[in-house]
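The next block holds one structure in the form of structure tokens; read it before the comments.
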Amino acid sequence: MRKKVCLINTGGTIGMARTEYGYAPRKGFIRSILSQMNELKSEEIPAFDLIEYDPLLDSSNIAVKEWIKIAQDIKEKYEEYDGFVILHGTDTMAYTASALSFMLEELTKPVILTGSQIPLCEVRNDARDNLITALMIAGYYKVPEVCLFFGNELYRGNRATKVSSDELIAFDSPNYPPLAEAGVRIKLNEKVIKEPGKVLRLSELQSHNIAVLKIFPGIQFEIYEKILSADLKGIIFEAFGAGNIPESNGALKRILERAEKNGTVIVVCTQCLRGSALIGEYEASLSFAQAGAVSGYDMTIEAAVAKLYYLLSKGYDINMVKKLMATDLRGEMTLIKATKAT
Ligand code: ASP
């Protein structure tokens with residue numbers, strides 16, 4: 001039987017029109033392009049209904065409010081469709097995919113985000129293939145996860161990250177294998193795909209004051225002391241290598257102590273594309289250990305941000321947020337132990 005997919009257009013390059021000021025989203029434009037694509041009428045492609053958001057957004061403007069809308073729409077229409085495809089700008093697609101992976105608990109159907117580097121309206125584009133393959137996987141394949149499809153690969157959404165601003169292979173999943181590859185055939189990598197959940201539950205998010213701080217040689221921690229107020233609920237450090245950070249003559253210790261006193265959750269991720277941040281692997285992560293920080297292991301920054309919003313929205317106390325931040329909830333992290341003998 002021909003399956004049915006719900007296609008939600010949030011904006012982004014894929015559906016943009018050429019205007020005198022450059023590419024820009026235009027209401028109704030993608031609907032008219034899709035209606036001219038005869039291949040979409042093929043029996044091989046699932047039937048789909050298009051929902052166009054208003055306004056259509058460059059994904060730089062997509063955040064918690066829009067994540068909630070997408071998740072609510074999926075929840076509301078869940079029984080009507082075999083899967084969902086979300087058209088989204090590439091810039092923040094990995095953040096939205098991560099957020100949806102936490103909000104949509106116990107998924108039983110595919111939710112696939114895709115987009116493109118060149119819009120559908122151009123003769124030479126990556127949009128057509130991304131759209132068609134995403135629709136086929138969403139309709140016909142058993143992948144009960146929030147995924148991101150781009151450049152012939154299907155990634156777990158909370159493992160994906162944008163790695164190129166201008167190549168057609170714009171995403172990667174550095175710490176987790178692709179869930180599927182679309183070559184001559186679409187091949188699922190079943191071993192790494194999650195089991196389906198039971199009944200979908202929607203966990204809504206709220207916005208919280210959080211921060212991401214990338215460490216660099218010569219960082220003056222004094223400058224950041226002011227942002228570490230009691231209003232800051234969580235801070236993700238993008239530390240060096242396996243979770244290391246310069247001492248800066250005690251300045252680091254002061255800001256970490258301040259964060260701990262204020263009840264700010266401190267999460268340590270790595271600025272490397274691959275591998276894990278693990279507090280305790282090197283002495284240079286000692287200050288984090290003393291401040292009660294938690295290891296983010298191999299989580300992407302996108303997943304760490306979304307997870308922090310998610311856990312803070314649950315209303316847990318700080319110890320629970322810390323514990324769950326360092327627990328694998330949706331396949332977003334690989335837990336490892338420090339190699340040093342203690
Ligand atoms: N600026 C665009 C966006 O993220 C880029 C894209 O769609 O690829 O919305």
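Each ligand, and each atom within it, is numbered from 1 in the order the structure gives. It should be emphasised that the depicted structure is a prediction, and the values quoted were computed from it without experimental measurement. The basis for the numbers below is simple: all heavy atoms, side chains too, and nothing from hydrogens, waters or symmetry mates.
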Worked verdict on K314 versus E105 for salt bridge (charged side-chain N to carboxylate O under 4.0 Å, His left out)
CA-CA 13 Å; K314 288 271 189 193; E105 302 183 27; 3.3 Å; yes

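With sequence neighbours left out, D129 forms a side chain to side chain contact (heavy atoms under 4.5 Å, CB included) with no residue at all.
Neither the backbone nor the side chain of A170 has any atom closer than 4.0 Å to an atom of ligand 1 (non-hydrogen atoms only).
For a threshold of 3.5 Å applied to N or O pairs, the pair formed by K162 and ligand 1 contains no separation below that value. Ligand 1 has no N or O atom lying under 3.5 Å from any N or O atom of H88, backbone or side chain.
Ring geometry, Y309 versus W67: the interplanar angle exceeds 60°, so the pair is classed perpendicular (tilted spans 30 to 60°).
At the shortest separation from atom 9 (O) of ligand 1 among protein heavy atoms lies S59 N, 2.7 Å. For atom 8 (O) of ligand 1, the nearest protein heavy atom (residue, atom name, distance) is T90 OG1, 2.4 Å. The closest protein non-hydrogen atom to atom 5 (C) of ligand 1 is T13 OG1, 3.3 Å.
In the vicinity of G12, heavy-atom distances shorter than 4.0 Å reach the ligand 1 atoms 7 (O), 9 (O). Heavy-atom contacts of S116 reach the following atoms of ligand 1: 8 (O) (cutoff under 4.0 Å).
Just one of L87, L154, I86 meets the side chain to side chain contact (heavy atoms under 4.5 Å, CB included) condition when paired with T114; it is L87. Put simply, the residue from K75, K77, K69 that forms a side-chain hydrogen bond (donor to acceptor under 3.5 Å, both in side chains) with D73 is K69.
The shortest side-chain heavy-atom distance between Y53 and E66 does not fall under the 4.5 Å cut-off.
Using a 4.0 Å heavy-atom cutoff, S60 is absent from the residues neighbouring ligand 1.
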Distance-only check: which donor-acceptor pairs under 3.5 Å involve side-chain atoms of residues 254-268, not counting sequence neighbours?
{"residue": "E257", "atom": "OE2", "partner": "K253", "partner atom": "NZ", "Å": "3.2"}
{"residue": "R258", "atom": "NE", "partner": "L228", "partner atom": "O", "Å": "3.3"}
{"residue": "N262", "atom": "ND2", "partner": "L228", "partner atom": "O", "Å": "2.8"}
{"residue": "N262", "atom": "ND2", "partner": "R258", "partner atom": "O", "Å": "3.3"}
{"residue": "T264", "atom": "OG1", "partner": "L232", "partner atom": "O", "Å": "2.7"}

